[in-house]
Amino acid sequence: MLFAHDTECGLTAAAALVNTDGRDGEGLPDIAALDRFVAANRWTGRHERTEVELRAVRALRPRLRQLWGEDPDTVVGVVNDLLRESRALPQLIRHDDEPYHVHAAPRDAPLATRMAVEAAMAVADLVRGDELGRLRHCAHPDCTNVLVDLSKNRSRRFCEAGCGNRVAVNAYRARKAAGRPE
Ligand SMILES: [Zn+2]
Ligand SMILES: [Zn+2]
């Protein structure tokens, strides 16, 4: 593990949320889709299943996308804004058989607020470790998805939506068409 468990989870969940508004169109079209997203990313705590909550989560996405920006000072500004607006207050807590970890928003805070705070706290960790380079954009030319490179050798280039495979298949076809041996 490169970073603390909650940092890695926070980064992965933030990328997943940003990518619901990425390559494959609207990934959170309704409350049922948000339910599935919450379950898949193991969000616990308050979850209202309302249109208001869904709209707040969707509205958070473009702001979280800014965390993947080029300029570190701008990223830091977004992190600080998110923490300040959410009145983040870091506390060590234990729940659901997990060891102690940091929550900076109470479990009964709105889902979008907790998503914002968790993403901001995780990116704050990257900034402190001079590891912002772990936040990348998918290398596929047609893809707008983001990714978090948690590999030891910093080798990840493609998002989790299968872009790596698409590139490999295209390269294979190109080699074949050129009549070159495998
Ligand atoms: Zn927790
Ligand atoms: Zn991609």
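Numbering of ligands and ligand atoms starts at 1, following listing order. Model, not experiment: these values are computed from the prediction.
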(message) I need the protein N, O or S atoms closer than 2.8 Å to the Zn ion (ligand 1), given as residue plus atom name.
(response) His95 NE2, His101 NE2, His103 NE2

(message) Given Met115, which partner from the list Leu111, Thr113, Val117 fulfils the side chain to side chain contact (heavy atoms under 4.5 Å, CB included) test?
(response) Leu111

(message) Tell me whether Asp130 at atom CG has more than 12 heavy atoms from other residues, nucleotides or ligands lying less than 6.0 Å away.
(response) no

(message) Using the Zn ion (ligand 2) as the vertex, how large is the angle between SG of Cys163 and SG of Cys138, rounded to 10 degrees?
(response) 110°

(message) Whether Asp21 and Arg58 form a salt bridge (side-chain N of Lys/Arg under 4.0 Å from carboxylate O of Asp/Glu) is what I want to check.
(response) no

(request) Mark yes when over 12 heavy atoms from residues, nucleotides or ligands other than Arg157 sit less than 6.0 Å from its CZ; otherwise mark no. (result) no

(request) From the options Gln91, Glu118, Arg114, His95, select the one residue that forms a side chain to side chain donor-acceptor pair (under 3.5 Å) with His103. (result) His95

(request) Examine all N, O or S atoms of Cys143, backbone included, and report whether one is under 2.8 Å from the Zn ion (ligand 2). (result) yes

(message) For a 4.5 angstrom cut-off between non-hydrogen side-chain atoms, does Val123 reach Leu132?
(response) yes

(request) Kindly determine whether Leu54 and Leu28 satisfy side-chain contact (heavy atoms from CB on, under 4.5 Å), including the steps that lead there. (result) CA-CA 8 Å; Leu54 176 61; Leu28 296 175; 4.2 Å; yes

